[in-house]
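Accompanying notes for the structure given below.
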Amino acid sequence: MKPFGRAEMAAKLAADIPEGWYVNLGIGLPTLVADYVPAEREVVFHSENGILGMGPAPPEDAVDTWLVNAGKENVTLRAGASLVHHADSFMMIRGGHLDLCVLGAYEVAANGDIANWTTSLNDAVPAVGGAMDLAAGAKRLWVMMEHTTKDGRPRLVERCAYPLTALAAVKRIYTNLAVIDVSARGFEVRQVADGVSFEALQERTGAKLHRPA
Amino acid sequence: MKPFGRAEMAAKLAADIPEGWYVNLGIGLPTLVADYVPAEREVVFHSENGILGMGPAPPEDAVDTWLVNAGKENVTLRAGASLVHHADSFMMIRGGHLDLCVLGAYEVAANGDIANWTTSLNDAVPAVGGAMDLAAGAKRLWVMMEHTTKDGRPRLVERCAYPLTALAAVKRIYTNLAVIDVSARGFEVRQVADGVSFEALQERTGAKLHRPA
Amino acid sequence: MIDKRVASMAEALAGIADGSTVLIGGFGAVGQPNALIDGLIEQGAKDLVIVANNAGMDAKIGLPRLMAVGRARKLVCSFPRGSTVFDELYKAGRIELEVVPQGTLAERIRAAGAGIPAFYTPTGVGTKLAEGKEQRHVGGRDCILEHALKADVALVEAWRADRWGNLTYKGSGRNFNPVMAAAATLTVVQSQHIDELGALDPEAVVTPGVFVSRVLHVPYGDPPPGNRRAEVARPEAKR
Amino acid sequence: MIDKRVASMAEALAGIADGSTVLIGGFGAVGQPNALIDGLIEQGAKDLVIVANNAGMDAKIGLPRLMAVGRARKLVCSFPRGSTVFDELYKAGRIELEVVPQGTLAERIRAAGAGIPAFYTPTGVGTKLAEGKEQRHVGGRDCILEHALKADVALVEAWRADRWGNLTYKGSGRNFNPVMAAAATLTVVQSQHIDELGALDPEAVVTPGVFVSRVLHVPYGDPPPGNRRAEVARPEAKR
């Protein structure tokens with residue numbers, strides 16, 4: 001079994017983003033996706049804090065500290081970028097103007113429910129950020145996450161155990177073991193990592209997997 | 001009896017606007033008020049179509065046709081002006097940020113109800129513009145109008161006969177015969193035109209007048 | 001390469017279907033996308049619901065012409081007065097009218113772009129325009145419930161545009177244009193100028209390209225002079 | 001002459017009462033009015049409800065210090081994680097927390113400034129954050145009712161300001177600042193630069209002066225560098 005590495009997951013997802021899409025990448029793992037979209041394929045990246053047309057991280061000797069992304073990392077602007085305030089920025093998200101949002105998650109259910117903001121109802125400090133707005137508002141939501149927890153429990157489940165972020169929102173999941181669509185039938189396997197059999201994948205998944213129709 | 005002329009009404013109202021107020025002047029008669037506020041007393045005029053800090057009409061040989069006020073007349077910008085879109089402009093109105101709005105009216109009732117947008121339920125073409133937003137949203141609403149109709153019927157009434165623009169909104173009325181506050185008691189006479197007795201004014205008014213407390 | 005520029009009016013308006021709801025920017029003669037409106041007449045879509053602040057003045061161009069040739073089923077508008085074309089159609093019962101307070105109109109359009117399906121507002125409470133609307137005491141005031149006004153098409157006039165569809169406006173030409181640009185499935189722009197990508201200052205872009213579908217270069221020129229000021233004796237010392 | 005400039009921090013923050021609801025701009029370290037927050041500590045108002053997107057990072061300045069000295073009764077926030085000060089206070093039960101989705105937070109504040117007492121949104125439906133909220137099917141989706149978040153005070157950081165209170169911002173320092181500026185009874189600005197009236201381009205003003213009460217000149221400098229990018233093997237050909 002040769003699972004996809006984080007870079008490979010990001011590259012795979014990036015390859016599925018067509019030119020012209022407006023895309024919000026969640027903090028953490030999803031942020032890496034931008035590095036794998038070649039500059040000549042124009043994809044416009046959005047950041048919740050009011051940037052449309054975000055470019056890559058700046059070289060260390062040319063950092064503009066007035067520009068941060070949602071993860072508070074310094075970024076750059078591409079030609080064609082625009083800066084707006086928070087209500088206008090979330091207008092893009094909540095008004096359904098973004099083609100794609102990519103988020104990390106703790107769990108995704110076979111009906112598309114996503115849990116990604118807090119691991120327990122008694123969390124010391126719950127924090128949601130823009131996740132609920134993005135999950136409810138973007139035209140499509142893709143998730144990037146490890147297929148199982150560190151101790152081997154499935155993250156793709158029949159029904160989320162953790163507090164939900166949004167109902168029936170996820171359309172596709174990129175894990176270290178597979179790429180899986182969420183369709184009306186439930187989880188549909190699009191691709192598996194080298195040496196991962198359908199049966200081995202099912203074993204590591206908490207809900208029924210379907211072969212593509 | 002020597003009624004106030006239109007210029008006199010406008011000057012009288014203008015004298016009551018303190019420096020620093022943000023003011024929207026309705027189309028028609030109220031527009032004249034701006035001419036009577038001296039430039040050294042800084043009052044910031046707002047126009048519904050997205051201008052804050054409107055200046056006087058331009059000289060005829062220097063008209064910028066890209067700048068119109070709510071009455072579609074060409075205007076100028078003062079130093080300190082800003083231009084916004086319609087939703088942001090009405091945010092100023094509806095969010096209670098304007099100190100004063102001055103409107104014309106067909107009728108004002110003793111409880112502050114105003115009717116100024118259509119004279120009949122079967123009007124050929126009803127048109128409301130921003131009147132309802134202004135009447136409901138500004139911190140205070142003053143009205144400028146003739147005291148009676150052309151055929152002598154009172155415009156200050158117990159209860160408006162024409163369709164309402166807003167409930168209990170008017171705080172003061174400037175007519176050709178008097179300046180009248182709308183208080184909890186009803187109409188309170190602040191000032192009368194030369195040669196107009198309280199009794200003569202009462203005769204031309206459709207609701208009880210009070211002498212100031 | 002993202003390139004929203006189109007080379008012809010036909011391309012700009014392709015696919016607009018009969019029965020569409022069409023937002024049209026402009027306030028008075030300023031910021032009105034008249035070339036696009038004339039193009040829409042050419043294009044032929046009919047049975048349209050038109051949303052615009054005014055019903056237009058000059059019968060020979062733009063919105064009044066669209067109505068005169070019978071393409072508009074209904075007008076949603078705050079101030080339809082002053083248009084002889086609309087006046088006659090309305091009196092003849094040949095066009096429907098929905099009068100909406102101007103701020104409520106702007107906010108309903110903004111809500112559509114912002115994914116807010118409905119909101120409460122005190123504007124209009126107790127008036128004829130509140131009839132049939134849910135009323136509720138909220139935030140300490142009586143309010144009515146107003147719904148987002150989402151559209152199939154927005155026709156917008158901009159001052160500058162780039163190939164990503166970023167827009168700026170000029171003077172009071174901004175008005176409804178940026179609000180409408182965000183509220184339609186298809187947003188078509190006529191722009192006075194087309195700039196290279198990167199030429200517009202990111203801080204100065206008013207409509208980010210995400211809201212824009214197509215941009216047509218129409219060096220339309222300046223709007224005609226506005227109305228004349230009301231005649232009145234002016235004081236010696238003007239401000 | 002309208003002159004909203006004040007000469008001292010004491011003047012800038014005069015009159016802020018115990019128990020006030022205070023909006024604080026900024027996202028991460030960018031656009032945070034840290035000088036005003038430090039001034040507020042000095043000023044002494046307590047029992048405050050603080051509304052801010054983050055709970056702050058560096059314990060020695062700004063919001064974390066305000067909380068550390070016990071002035072905040074409650075934090076309304078989308079992402080309070082990452083602040084050790086808040087963490088400890090919260091675990092010790094010494095501060096209340098209202099978690100609000102970031103977009104709903106921005107929209108609730110905008111609604112307060114726009115005179116919209118309440119609105120429906122699909123964000124949060126079916127989640128723990130919808131508990132106790134009215135749910136309704138509207139505009140084709142399940143939504144919850146959210147209320148305007150009006151405040152007594154807004155603390156704002158701007159890049160340029162004039163004596164009328166017109167403001168511009170720099171880079172991503174815009175964030176919540178313009179939205180909050182419009183939603184408070186008293187809006188206090190710390191501005192990096194003060195310009196002559198008329199120096200700001202009317203088309204480029206982001207916050208019109210009508211929303212601003214007081215402007216203090218604080219040449220605060222640039223924000224500190226942001227977080228480091230997550231470590232990962234990068235591809236040869238970066239974009």
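Reminder, nothing fancy here: chain letters follow the sequence lines and each chain counts from 1.
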B:Arg153, CZ: over 12 other non-hydrogen atoms inside 6.0 angstrom: no
Minimum heavy-atom distance between D:Pro208 and B:Val84, given as atom pair plus value: CG-CG1, 3.8 Å
Under 4.5 Å from any heavy atom of chain D - which part of B:Ala136: neither
Contact check, side chains of B:Leu52 and D:Val210, non-hydrogen atoms, under 4.5 Å: yes
Winner by heavy-atom pair count (cut-off under 4.5 Å) against chain B, out of D:Gly165, D:Gly198, D:Ala148: D:Gly198
Flag side-chain contact, heavy atom, 4.5 Å: D:Met1 against B:Arg41: no
Heavy-atom side-chain proximity of B:Arg94 to D:Ile116 below 4.5 angstrom: yes
Closest contact, heavy atoms only, D:Leu197 versus B:Ala79: CD2-O, 3.5 Å
B:Arg159 atom CZ, neighbour heavy-atom count above 12 within 6.0 Å: no
Greatest number of heavy atom pairs closer than 4.5 Å to chain B - which of D:Leu200, D:Val205, D:Ile2: D:Ile2
Which atoms of D:Arg163 approach chain B - backbone, side chain, both or neither, heavy atom under 4.5 Å: side chain
Region of D:Lys4 in contact with chain B, defined by heavy-atom distances below 4.5 Å: side chain
N/O donor-acceptor pair under 3.5 Å between B:His97 side chain and D:Gly113 backbone: yes
For D:Trp164 against B:Tyr22, the heavy-atom pair lying closest together: O-OH, 3.8 Å
Reported CZ-to-CG distance for the pair D:Arg110 and B:Asp88, which is rounded to 0.5 angstrom: 7.0 Å
Best-contacting candidate, D:Ala199, D:Pro202, D:Ala112, against chain B by heavy atom pairs under 4.5 angstrom: D:Pro202
Closest-packed option against chain B by number of heavy-atom pairs under 4.5 Å, given D:Asp201, D:Asn166, D:Val206, D:Thr207: D:Asn166
NZ (D:Lys46) with more than 12 external heavy atoms under 6.0 Å: no
Atom of D:Ala182, atom of B:Met91 and distance for their closest heavy-atom approach: CB-CE, 3.6 Å
